[in-house]
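A short worksheet on the structure shown next.
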Amino acid sequence: FGENPDGSLKEHLKRSYGDWLPPYSTRMRIVVTGAAGFVGSHLVDFLMKRGHTVIAIDNFSTGYHMNLLDWMDHRNFELHTHDVRNPLNIKGKVDQIFHLAGSASPDECISDPISILTTCFQGTINMLELARRCNARFLLASSCGIYGFPLWHHNPQSENFLGNVKTFGRRACHDEGKRAAESLCYAYAKQHNVEVRIARVFNTFGPRMRIDDGRVVSTFILQCLRGECFTIKGDGNSSRSLMYISDLIDGLIELMLSDYTGGPMNFGKQEEYNMIEVTEIVTRAVKKVQGDKFRPTPTSFLPARTDDPLMRHPDCTLAKEQLGWSTKVDIDEGMLETVEWFAAMEEEDWLYDTE
Ligand code: NAD
């Protein structure tokens with residue numbers, strides 16, 4: 001659309017942003033891989049609401065059609081059911097590629113490590129090739145997993161920490177896969193002048209996160225909503241930083257638009273919470289959502305998972321200095337939004353519907 005967007009988009013943008021519309025000159029054609037997943041679908045919402053054209057790529061291995069339902073019939077939206085391990089051609093110009101396809105699930109690292117590795121490696125090559133052909137700027141969603149098993153003196157982890165990763169550990173497929181993907185980005189930048197940006201994403205939560213991914217937030221929310229026992233792996237002292245999804249989306253957009261080419265950049269919540277604290281945060285939110293129906297949830301401790309890092313705590317000074325980015329959403333506020341979404345999904349029986 002041009003200066004006069006069609007009725008449906010105009011109405012949608014009005015509902016979301018009052019009368020505000022971005023100027024035509026800043027509207028772009030943007031590829032998002034992993035678009036049907038948790039982070040990807042929130043990014044698609046953000047870009048569509050600002051009037052961009054989005055080409056969504058996903059093989060629906062862990063993504064959900066319902067995450068993209070709002071946009072399926074929109075004229076500025078295209079969906080390609082495609083596995084990024086196969087080459088992809090897009091006709092016409094592409095300005096930016098957000099490459100998010102891939103799984104961060106601890107459970108999948110056990111059930112299908114080869115697929116995680118090949119998606120990281122071959123998938124990133126194919127999307128970088130697309131960026132090269134289209135002369136598009138490329139952003140990789142990398143992971144705090146590349147730091148591996150940080151020791152106490154590596155806490156918090158800054159971009160200068162080079163990592164402590166075991167090639168044969170349980171999470172190696174994800175951690176080493178992302179390390180290879182980062183190196184591929186720099187190889188394409190050097191050899192083919194592709195403009196690359198790398199976001200090292202720390203634990204993120206919010207509505208539409210995968211319920212069955214074996215991560216602490218989704219597991220604890222379901223246990224608490226169902227009045228089951230919290231199961232903490234280890235002694236409860238391991239810690240995570242938990243960032244709300246809208247803060248991550250702001251960071252990805254800022255990084256993509258910035259001129260910073262100095263290397264990878266961390267995005268995560270600066271505060272750390274141990275597992276006991278996470279159960280308390282979840283309990284507060286579930287209590288608010290369930291009201292009188294709330295029943296206290298007991299806690300049990302299981303053996304720690306092998307190769308699970310004891311702490312994940314980002315140093316985000318670089319993002320603050322270079323982009324002026326920092327997290328804004330309070331953990332209780334974000335958890336309430338998330339629990340409300342989980343509760344609504346469970347009520348609708350959608351938690352098990354993968355279509
Ligand atoms: P997700 O599983 O919800 O979404 C990933 C999406 O990628 C899914 O829709 C899936 O179907 C798609 N996908 C997977 N393999 C594919 C393939 N071969 N071809 C095409 N599509 C494929 O995960 P998410 O939490 O949204 O994570 C998005 C990205 O961010 C991932 O690369 C992940 O490693 C990274 N990341 C996320 C977190 C987090 O806390 N969510 C933390 C660190 C890194």
Side-chain angles (χ1 to χ4, degrees), residues 38-39 42 62 64 66-67 104-110 144 155 170-171 202-248 268-314 327-354:
F38 164 48
V39 180
H42 283 277
T62 60
Y64 295 79
M66 71 175 177
N67 288 345
S105 154
D107 287 352
E108 247 156 82
C109 289
I110 297 172
C144 57
N155 203 32
R170 189 178 56 82
R171 295 183 54 87
F202 283 66
N203 291 43
T204 308
F205 72 100
R208 299 186 203 153
M209 67 189 302
R210 284 174 52 201
I211 52 140
D212 55 349
D213 65 0
R215 291 167 155 232
V216 286
V217 173
S218 45
T219 305
F220 288 170
I221 291 179
L222 279 186
Q223 289 172 337
C224 195
L225 276 174
R226 293 170 180 169
E228 293 165 2
C229 191
F230 284 128
T231 48
I232 293 180
K233 300 205 169 101
D235 62 5
N237 286 320
S238 66
S239 68
R240 292 290 180 274
S241 68
L242 300 173
M243 167 170 55
Y244 190 62
I245 181 68
S246 58
D247 283 327
L248 173 61
K269 187 88 170 166
Q270 298 266 216
E271 290 89 42
E272 246 179 316
Y273 307 95
N274 68 35
M275 292 302 112
I276 310 272
E277 287 167 329
V278 179
T279 62
E280 288 164 358
I281 295 162
V282 168
T283 301
R284 282 198 290 277
V286 172
K287 245 184 192 171
K288 275 196 184 152
V289 170
Q290 289 189 327
D292 293 342
K293 287 190 190 148
F294 175 78
R295 295 282 168 273
T297 315
T299 302
S300 69
F301 294 86
L302 301 177
R305 272 195 292 224
T306 46
D307 302 326
D308 258 3
L310 288 176
M311 65 206 134
R312 281 264 182 253
H313 185 197
T327 56
K328 295 187 184 72
V329 180
D330 169 72
I331 183 114
D332 280 303
E333 209 182 299
M335 195 59 76
L336 186 58
E337 294 276 327
T338 311
V339 168
E340 277 170 354
W341 180 81
F342 269 75
M345 289 292 110
E346 188 156 63
E347 203 146 286
E348 298 282 342
D349 262 356
W350 281 1
L351 282 180
Y352 304 102
D353 182 359
T354 52

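Both backbone and side-chain heavy atoms feed into the values below; hydrogens, waters and symmetry mates do not.
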Starting from the C-alpha separation in whole Å, work towards a yes-or-no answer on side-chain contact (heavy atoms from CB on, under 4.5 Å) for Thr327 and Gln270.
CA-CA 8 Å; Thr327 56; Gln270 298 266 216; 5.5 Å; no

Let me confirm one number: the [atom1]-[atom2] distance from [X] to [Y], rounded to the nearest 0.5 Å.
{"X": "Ile276", "Y": "Asp235", "atom1": "CD1", "atom2": "CG", "result": "8.0 Å"}
{"X": "Arg208", "Y": "Thr338", "atom1": "CZ", "atom2": "OG1", "result": "12.0 Å"}
{"X": "Ile211", "Y": "Trp341", "atom1": "CD1", "atom2": "CH2", "result": "7.5 Å"}
{"X": "Ile281", "Y": "Cys224", "atom1": "CD1", "atom2": "SG", "result": "12.5 Å"}
{"X": "Leu225", "Y": "Glu346", "atom1": "CG", "atom2": "CD", "result": "6.0 Å"}
{"X": "His313", "Y": "Tyr273", "atom1": "NE2", "atom2": "OH", "result": "9.5 Å"}

Looking at [X] and [Y], what are the two nearest heavy atoms and their distance?
{"X": "Val329", "Y": "Lys269", "value": "O-NZ, 2.7 Å"}
{"X": "Asn237", "Y": "Asn274", "value": "O-CB, 4.0 Å"}
{"X": "Asn203", "Y": "Cys144", "value": "OD1-SG, 4.1 Å"}
{"X": "Ile245", "Y": "Gly206", "value": "CG2-CA, 4.1 Å"}
{"X": "Thr204", "Y": "Met209", "value": "O-CE, 4.1 Å"}
{"X": "Glu228", "Y": "Pro298", "value": "O-CD, 4.3 Å"}

Any side-chain heavy-atom pair from [X] and [Y] closer than 4.5 angstrom?
{"X": "Met345", "Y": "Met66", "value": "yes"}
{"X": "Asn155", "Y": "Glu272", "value": "yes"}
{"X": "Arg240", "Y": "Val278", "value": "no"}
{"X": "Tyr244", "Y": "Glu337", "value": "yes"}
{"X": "Phe38", "Y": "Asn67", "value": "no"}

Please step through side-chain contact (heavy atoms from CB on, under 4.5 Å) for the pair Met275 and Ser238, ending with a clear verdict.
CA-CA 6 Å; Met275 292 302 112; Ser238 66; 3.6 Å; yes

Is there any ring-ring contact (aromatic ring centres under 6.0 Å, His included) pair reaching into residues 206-225, and which pairs are they, with sequence neighbours excluded?
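Listed by first then second residue: Phe220-Phe230.
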
Start with the C-alpha distance between Thr283 and Phe294, add both sets of side-chain angles, then the distance that settles side-chain contact (heavy atoms from CB on, under 4.5 Å), and finish with yes or no.
CA-CA 9 Å; Thr283 301; Phe294 175 78; 3.5 Å; yes

Residues Phe205, Ser218; criterion side-chain contact (heavy atoms from CB on, under 4.5 Å); working and verdict:
CA-CA 8 Å; Phe205 72 100; Ser218 45; over 6 Å; no

How would you list all residue pairs meeting side-chain hydrogen bond (donor to acceptor under 3.5 Å, both in side chains) that involve residues 293-302, not counting sequence neighbours?
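Non-adjacent pairs meeting side-chain hydrogen bond (donor to acceptor under 3.5 Å, both in side chains): zero.
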
Apply side chain to side chain donor-acceptor pair (under 3.5 Å) to Arg284 and list each qualifying residue two or more places apart in sequence or on a separate chain.
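Expected list: Asp332.
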
